[in-house]
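Each chain gets a letter, A, B and so on, in the order the sequences are listed, and its residues count up from 1.
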2 protein chains.
Amino acid sequence: MPSDPSGPDWKPLRRASAHELVIGAIEEQIAAGALTVGDLLPPERELAARLGVSRAGVREAVRVLESHGVLRSRPGVDGGTFVTPVPREALTRFLRLHIALSNFALEDVVDARVVLERASAARAATSHAEDGMTVMREALERMEAPGVSREDFNAADTAFHSGLAEASGSAVSAALTVSIRTALRGLILAAMQRSTSWEAVSDQLRAEHRAIYDAVAAGHGELAAELVERHIRSAADDLHLDPAAPGGRLSPWQ
Amino acid sequence: MPSDPSGPDWKPLRRASAHELVIGAIEEQIAAGALTVGDLLPPERELAARLGVSRAGVREAVRVLESHGVLRSRPGVDGGTFVTPVPREALTRFLRLHIALSNFALEDVVDARVVLERASAARAATSHAEDGMTVMREALERMEAPGVSREDFNAADTAFHSGLAEASGSAVSAALTVSIRTALRGLILAAMQRSTSWEAVSDQLRAEHRAIYDAVAAGHGELAAELVERHIRSAADDLHLDPAAPGGRLSPWQ
DNA sequence: TCGTTTCATTGGTCTGACCGCTAGATGGAC
DNA sequence: GTCCATCTAGCGGTCAGACCAATGAAACGA
């Protein structure tokens, strides 16, 4: 019997798999600063030999980090696997998958959007980062073009919210915002496609977007935040409660 | 010469790699609702044969989805690869990697934390989800235990903010909050380890956490949000400006 | 000198093999 | 009949080796 009354506390000792070891090794180099954006990794064959694993193990690790937007591979003599800085696609895929799996309730996703975009709007009203404002203006023009298709409208809608997030000047919030909106893109487009009163709906959306832009441009942060929240929630309601949709949380994809 | 003045607009035709096709196929099944949490995928060999790719391609795809918290594999006759709902680890690794790569400036990470946790605090004050409140209380007790180590203090600090996020009742915000705090864990712990005035610093942190908890428990949402923001920003300043740290954004890891 | 060909290097893919793990079938001891 | 140890089939985990595809640079010829 051990002297410690609480017991020796054996830890489970989960033997790490080969590819996890490789991921850990690469992550370690990144954390230590020995690998930064633009750097080239050793060839797969060499890295496998150095780490004492097979090439398959290295490749699986590279795939994982690639899917996280950390690495990118290219064949060719000048090619190789190098460190890259493109986090958004990974975040989008992540959210899209988990939304599809209902691991995240649509309601909670909307709540998160409201929190992030309210903050974005409020900050954008004071910072006015020109890139984002331009993106928003162009998106408005595309939405207001005569005879715009629902696909194009949805793309412009996504771009508008991306621009708003960019205009806020905070990269992390912007990445989260854009990823959430992009992950929802398919759902929103499906709802738009189903809409039987598209003219009225799109007029409404155009007016809301325009009002948000004006509030931001005029520097009215609190108003912009309020408009964004109402816009997101009413759009979500339309998405959620569309009478043409069969029941169920993720019905548009079924 | 093409009749269209803008040109035929050749798209690059990026040939999708085998594992991307497999990921797409699995994602498609998930989006269609044919695969949900708990479901078992076909054996790797069979799936490879059905999709017309090698087992390596299937395995690379499974690895990627596994790293996103969507699949999990287990050997054994009853084992297999099944759909699983554990998004947080994946989100944490993602953020940790990109913070380490300086793809996300620490300042922006802190901004995002402020936005998310202000909202969490305000909501927690009205919702009072009991799970989260209990987690916060226990974390406070651990922080206030005599002779607590810096590691344990940091773990309790993380737990406190997790509890706050849980108490807000919104799963997505909570996942984002917890992941950000966990991704910063190493940095914060390093800063704590370096601290030459740990007694004073930890007293300060204990007081701030206690004040936040009291404000939430008393239902003072706006006060709680304000306290959380000040707490996060002052802690970030200590982390960032610690005189013992060498210059540079990610110095604690260098 | 300039264009063409060849070549070496790298990732991309596939094949086939063997290992370790584990629930369930098997079979023997009582 | 019951219970326990053993065996077995099927699965993921890993590996080695081979060949394909892409690419830039060096070698070569007009």
Has R72(B) got a side-chain N or O lying under 4.0 Å from the OP1 or OP2 atom of dG12(D)? no
Establish, with yes or no, whether the OP1 or OP2 oxygen of dG11(C) is under 4.0 angstrom from a side-chain nitrogen or oxygen of T81(A). yes
Mapping G79(A) and R63(A) onto DNA chain C by nearest heavy atom, which one lands closer to the 5' end? G79(A)
From the options R181(B), E117(B), E166(B), select the one residue that forms a side chain to side chain donor-acceptor pair (under 3.5 Å) with H161(B). E117(B)
Restricting to non-hydrogen atoms, name the atom on L95(B) and the atom on A183(B) that form the minimum distance, rounded to 0.1 Å. CB-CB, 3.9 Å
Pick base, sugar-phosphate or nothing for G57(B), based on heavy-atom distances below 4.0 Å to the nucleic acid. nothing
Describe the nucleic acid contact of R45(A) in one word from base, sugar-phosphate, nothing, applying a heavy-atom distance below 4.0 Å. base
Within this structure, what is the [atom1]-to-[atom2] distance between [X] and [N], rounded to whole angstrom?
X: R55(A); N: dG12(C); atom1: CZ; atom2: C1'; result: 7 Å
X: L41(A); N: dT10(C); atom1: CG; atom2: C1'; result: 13 Å
X: R74(A); N: dT9(C); atom1: CZ; atom2: P; result: 18 Å
X: H19(A); N: dC15(D); atom1: NE2; atom2: P; result: 12 Å
X: E60(A); N: dT14(D); atom1: CD; atom2: P; result: 7 Å
X: R59(A); N: dG11(C); atom1: CZ; atom2: P; result: 9 Å
X: F82(A); N: dT9(C); atom1: CZ; atom2: C1'; result: 16 Å
X: E44(A); N: dA21(D); atom1: CD; atom2: C1'; result: 14 Å

Starting at the 5' end of DNA chain D and moving along, which residue's nearest nucleotide shows up first, V62(B) or D78(A)? V62(B)
Please confirm whether the backbone N or O of H68(A) pairs with a side-chain atom of H98(B), one donor and one acceptor, at under 3.5 Å? yes
Side chain D39(A), main chain T36(A), donor-acceptor under 3.5 Å: yes
Measure from the side chain of [X], starting at C-beta and using heavy atoms only, and say which of [options] lies closest.
X: V77(A); options: dC15(D), dA8(C), dT13(C); result: dA8(C)
X: S73(A); options: dC14(C), dG12(C), dC15(D); result: dG12(C)
X: A18(B); options: dT10(C), dT14(D), dT13(C); result: dT13(C)

Within this structure, what is the CZ-CG distance for the pair R113(B) and L106(B), rounded to the nearest 0.5 Å? 10.5 Å
